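The next block holds one structure in the form of structure tokens; read it before the comments.
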Amino acid sequence: MLLLSGTTRLLGRGKTLIRDPFKRICVNMSSSSSSSFSSSSRSGKRLRVLVDMDGVLADFEGGFLKKYRAKYPDEPYIPLDDRRGFWVSTQYGQLRSDLCEKSNSIWESKDFFKDLEPLPGGVEAIKKMAEMDNTDVFICTSPIKHYKHCPYEKYAWVEKHLGHDFLEQVILTRDKTVISGDILIDDRPDILGAESNPTWEHILFTACHNKHLPVNPPQRCLLSWSDDWRAILDSKRQ
């Protein structure tokens, strides 16, 4: 567990952990020198972008189905095209009640999160995003409550695909509404928590379980990482 020391941001549900410290940091960074101010004015305001991990960067759905069918080859399964609803276990439980627990056992098992394949273009997009001027990028992900393997493996995945330095940009939280940011890119349609009015705009990332849902303005979506994510960031700088 040495990987976690000094880098973990395990954030609770209280407000005081997040907002004021980050505001002070942003103020200090934007006003530290006349040259940095000049650069900021040319590139627009500084952005904090929060990016979900499972279903946005890591192929949770594909990884689940592969391991589920390997472990339970004789059990019914749901093809990705037929997935509906954010919670996999809920839909499997509708097939047969005991399949809810069997589906849970897949992502509670060792190496599930670590072995997830990256979604096409996601890692490359995050690296390019992190190199942009006046842009702070954080991986904002919710660990499962069965925590024996999940938190460590999320860090291991980030280190493998984004590099050791990116571990400083990982936020683990069960409540994303208390995290301050300008944009949250996430595949979950309904993100609720302690804050009824989060600071970020939710950009819905299209996934197999939500692609059938209507997107009602002003909500915006990102169809995939080949979609124009730069335009979304630029719109928030204006």
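No hydrogens, no waters, no symmetry mates; every other heavy atom, side chains included, goes into these values. Quick caveat: nothing in here was measured; it's all calculated off a predicted structure.
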Checklist entry - Is Y92 reachable from F112 through a run of hydrophobic residues whose side-chain heavy atoms are each under 4.5 Å from the next? => result yes

Checklist entry - Under 4.0 Å between a Lys/Arg side-chain N and an Asp/Glu carboxylate O for D190 and R188? => result yes

Let me check something: any side-chain donor-acceptor pairs from residues 62-71 under 3.5 Å, sequence neighbours excluded? List them with distances.
{"unit_1": "K67", "atom_1": "NZ", "unit_2": "D115", "atom_2": "OD2", "d": "3.2"}
{"unit_1": "Y68", "atom_1": "OH", "unit_2": "P76", "atom_2": "O", "d": "2.9"}
{"unit_1": "R69", "atom_1": "NH1", "unit_2": "Y77", "atom_2": "OH", "d": "3.3"}
{"unit_1": "K71", "atom_1": "NZ", "unit_2": "S105", "atom_2": "OG", "d": "3.4"}

Next on the checklist: Before you tell me yes or no, could you show the steps for R84 and Q91 under side chain to side chain donor-acceptor pair (under 3.5 Å), namely the whole-Å CA-CA distance, both residues' side-chain angles and the distance that decides it to 0.1 Å?
Outcome noted: CA-CA 7 Å; R84 296 292 185 273; Q91 192 174 7; over 6 Å; no

Checklist entry - side chain to side chain donor-acceptor pair (under 3.5 Å) between T135 and R237: does it pass, once the steps are laid out? => result CA-CA 10 Å; T135 307; R237 298 187 195 276; 2.5 Å; yes

Checklist entry - F113 and F86: same hydrophobic cluster, using ILVMFWY side-chain contacts below 4.5 Å? => result no

Checklist entry - Got D187 and H209 here, is their nearest side-chain heavy-atom distance under 4.5 Å? => result yes

Next on the checklist: Does E124, at its CD atom, have more than 12 non-hydrogen atoms belonging to other residues, nucleotides or ligands within less than 6.0 Å?
Outcome noted: yes

Checklist entry - Just wondering, do I106 and Y72 contact through their side chains at under 4.5 Å, heavy atoms? => result yes

Checklist entry - Charged N to carboxylate O under 4.0 angstrom, D136 versus R46? => result yes

Next on the checklist: Is the shortest side-chain heavy-atom distance between I203 and D186 below 4.5 Å?
Outcome noted: no

Item to check | D182 vs T199, side-chain contact (heavy atoms from CB on, under 4.5 Å): CA-CA, chis, key distance, verdict | outcome: CA-CA 6 Å; D182 297 290; T199 61; over 6 Å; no

Next on the checklist: With a sphere of 6.0 Å drawn around CD of Q219, does it hold more than 12 non-hydrogen atoms of other residues, nucleotides or ligands?
Outcome noted: yes

Next on the checklist: Under 4.0 Å between a side-chain nitrogen and a carboxylate oxygen: does that hold for D98 and R96?
Outcome noted: yes

Checklist entry - Would L213 end up clustered with W87 when hydrophobic side chains under 4.5 Å apart are linked, directly or stepwise? => result no

Item to check | Co-membership, hydrophobic cluster, residues V49 and L167, 4.5 Å side-chain | outcome: yes

Checklist entry - Applying the 4.5 Å side-chain criterion to the ILVMFWY set and letting contacts propagate, would L57 and L223 be lumped into a single cluster? => result no

